[in-house]
There are 2 protein chains.
Amino acid sequence: MGVSLRDVAARAGVSVKTVSNVVNGSAPVSPHTREKVRRALAELGYRPNLSARSLRRGRTGVVALVLPGLDDPYFAELARLVTEAAAEHGWTVLIDQTGGRADRERQVLRGAGAQLADGLLLCPVTVGRRELADRTDATPLVLLGERVPGGTVPQVAVDDRRAAYEATGHLLSLGRTRVGVIGARGPRGPGAARRRLAGHRQALRDAGLPQDARLVPPTGTYRRAEGAAVLRRLLELDEPPQAVVCFDDLLALGALRAALSAGLRVPRDLALAGFGDIEDGRYSTPTLTTVSPDKAALARSAVALLAARIDGAPGGSGDSGAPAVVAGHRLLVRESTVGVAAAAGPDPVVPPQSSGAQSPGAQSSGSSTGAISS
Amino acid sequence: MGVSLRDVAARAGVSVKTVSNVVNGSAPVSPHTREKVRRALAELGYRPNLSARSLRRGRTGVVALVLPGLDDPYFAELARLVTEAAAEHGWTVLIDQTGGRADRERQVLRGAGAQLADGLLLCPVTVGRRELADRTDATPLVLLGERVPGGTVPQVAVDDRRAAYEATGHLLSLGRTRVGVIGARGPRGPGAARRRLAGHRQALRDAGLPQDARLVPPTGTYRRAEGAAVLRRLLELDEPPQAVVCFDDLLALGALRAALSAGLRVPRDLALAGFGDIEDGRYSTPTLTTVSPDKAALARSAVALLAARIDGAPGGSGDSGAPAVVAGHRLLVRESTVGVAAAAGPDPVVPPQSSGAQSPGAQSSGSSTGAISS
DNA sequence: ATGAAAGCGCTAACAA
DNA sequence: TTGTTAGCGCTTTCAT
């Protein structure tokens, strides 16, 4: 094996404990001794054995981030932000890709496999209230991007209902009365799609418009191909929609491609809005109007909640159940709904932040730091 | 803590060793005893403590994949494929994002931080021959996507030079004589960009065309914004290029957006080709002509090489140095170079595989399983 | 086929 | 301030 504390201790002529103290700063060491130890450490190229340390401390310093897949840029970005936030707590993040499969998600909840993580951050696609209640594994868990009522599990998410309400409201404000939906009943949390749909319907009701089930076709996975396929189906209706709100940017980008291929002009013939604010949508032609969740806040809050749980602290608001953080979001109005003139500043390729601020139609809601409620 | 082998042994009325044998199948156990142990295991909900196991075995079962960032869809996809390939070896993959920073990459080579991984898969952006030679850490290492001559480190990559030769050759075959390059001197391995540039130049030479340094502006990071910025610079030339080959799909997609924003028609006024075959390029408008590396082969080969290294096997071809695998690639000809008619089949949104096969101009080279040479 | 005991490298408790 | 010792949970000799 490698160099152990004993080897270093022997070399420096001190005890193992002293070397450990130097390495961890766990107890004061005299300058002279410390220098000796430092030298021995360097000469032998000592590196702590994580397994031994973890075994002793009862903690691995690793947290697992469980998500559908990194192929979705939304989750890739989230993964980066979570990793950064976790690093500030001294944690390493292990990414576990479920592919959106229910059995894999349940496996994770059961704590299947071995015990490598001190805590779990789960972006659920299939599991809901029941599975969470049945959970026996004691590993601290935080839900990311999903809300499960009952206050049993700490969770962080945006206000999906309100966000969808704003997105549909924006499309209605453009004078489009037939607004389709792509992504209903899809993944990204059993509840998220449902809440977005509720927000969409509320917007129609508030505008005094009728609901048309044909405009809300069921959608499977949140991938570009699916968005394209569902849009083509919508275009075959007797009265096709004048606008479509997609519950995910990938769906929207797939739909955009299908619309353009069908010879439609976007937004003139069809306005399109998405969810997620992935970078692709800032460079597509036309650029994509989208709901931009405060991903940094999502990541930070999720890690903070998990930290509280792991450290055994109450976790936020007393002991009245698990805390639920609502991260902020903004509607970024871009070319796919208002055309090129309104969305672009001097530079046609607009950075993410300035786009929403410059656009007259931009609405924002929620706070970027996240509001806590339990 | 949790349930240990001792607890299970006590419950089942057997020794610790016997339980261990049942869990690992490391020695034959009588059917009767096994059943008893099985029951105790289930009743107590035993889960092996990875730290203890690792400490004892001297292996963690974790390999680290070090890459610039998951924000790049190319690396996100590679990460997924590597994770899948590693799972077949019973390994868990830890993803380490360097942000393309040199210090972070060097840190990884030094084995800084603690020793959590049995092996390292590195997609280098900055480190080259020297840093690899100076390396003292004994953790097995495999380079992914980069070639470093000298045969000291096992490596897997595509034939970048040839791929670039084909890409430029394709543009030349369309009658474009002024071909720009975006991505020269950029990251993604100090050598990869250089080799691609060499291939590009070779294609020009073989066509009897002059080199023009102004058509090869220096490029920093491989991001969309950079591609857009560099393309705008190219358009300001007295004689702007009629075609541009980008050494990364993100650069190409940024360039595409900038070209369209500038009022150019693509490919009529400007033909564009990329590298990497990320999904975005299959749904952009126009779809993106690109070099498609056999990513699955890259991932599989890299993991296999690492496995060989970790298991102490020679690693491939005798003991004449470290093996170097060349993964295959194909040039996928799409709308951004040949227009809409030639690239599309009956369905305007073409799946990744059929696109290249259907297109008359598609060329392929290399094998998908990868050729080994040392 | 099963059991007893040693020890992987580290840290926490106690002693000096 | 520094040293000694025990033990985290597991696998692995060596016995039986």
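Keep in mind it's a predicted model, so treat the numbers as computed, not measured.
A side chain to side chain contact (heavy atoms under 4.5 Å, CB included) with B:Leu141 is found for exactly one of B:Leu121, B:Leu306, B:Leu132, namely B:Leu132. The residue from B:Thr139, B:Asp137, B:Leu122 that alone fulfils the side chain to side chain contact (heavy atoms under 4.5 Å, CB included) condition with B:Leu109 is B:Leu122.
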Report all side-chain donor-acceptor pairs from residues 3-14 of chain A shorter than 3.5 Å, counting only partners two or more places apart or in another chain.
| residue | atom | partner | partner atom | Å |
| --- | --- | --- | --- | --- |
| A:Ser4 | OG | A:Arg6 | N | 3.2 |
| A:Asp7 | OD2 | A:Ser4 | N | 2.9 |
| A:Arg11 | NE | A:Glu43 | OE1 | 2.9 |
| A:Arg11 | NH2 | A:Glu43 | OE1 | 2.6 |

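Judged purely by distance below 3.5 Å, without hydrogens or angles, the side chains of B:Gln107 and B:Arg104 pair a donor atom with an acceptor atom. Side-chain N/O atoms of A:Ser51 and A:Ser54 include no donor and acceptor closer than 3.5 Å. For the 3.5 Å distance criterion, the side chains of B:Ser15 and B:Thr18 qualify, holding a donor opposite an acceptor.
When heavy atoms are screened at a 4.0 angstrom cut-off, B:Thr33 is found touching the sugar-phosphate backbone but no base atom.
Closest heavy-atom contact between B:Pro154 and B:Leu305: CB-CD2, 3.9 Å.
A:Thr60 contributes atom OG1, which lies 8.5 Å from atom CG of B:Leu50 (distance to the nearest 0.5 angstrom).
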> How would nucleotides 8-16 of chain D be written as a contact map, 5' to 3', with B for base contact, S for sugar-phosphate-only contact and - for no contact, using protein heavy atoms under 4.0 Å?
Replying inline: BBBBBB---

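The bend of the helix from C:dA1-D:dT16 to C:dA16-D:dT1, defined by the angle between the axes of its first five and last five pairs, stands at 40° to the nearest 10°.
Regarding B:Glu35, its CD atom lies at a distance of 17 Å from the C1' atom of C:dA1, rounded to whole Å.
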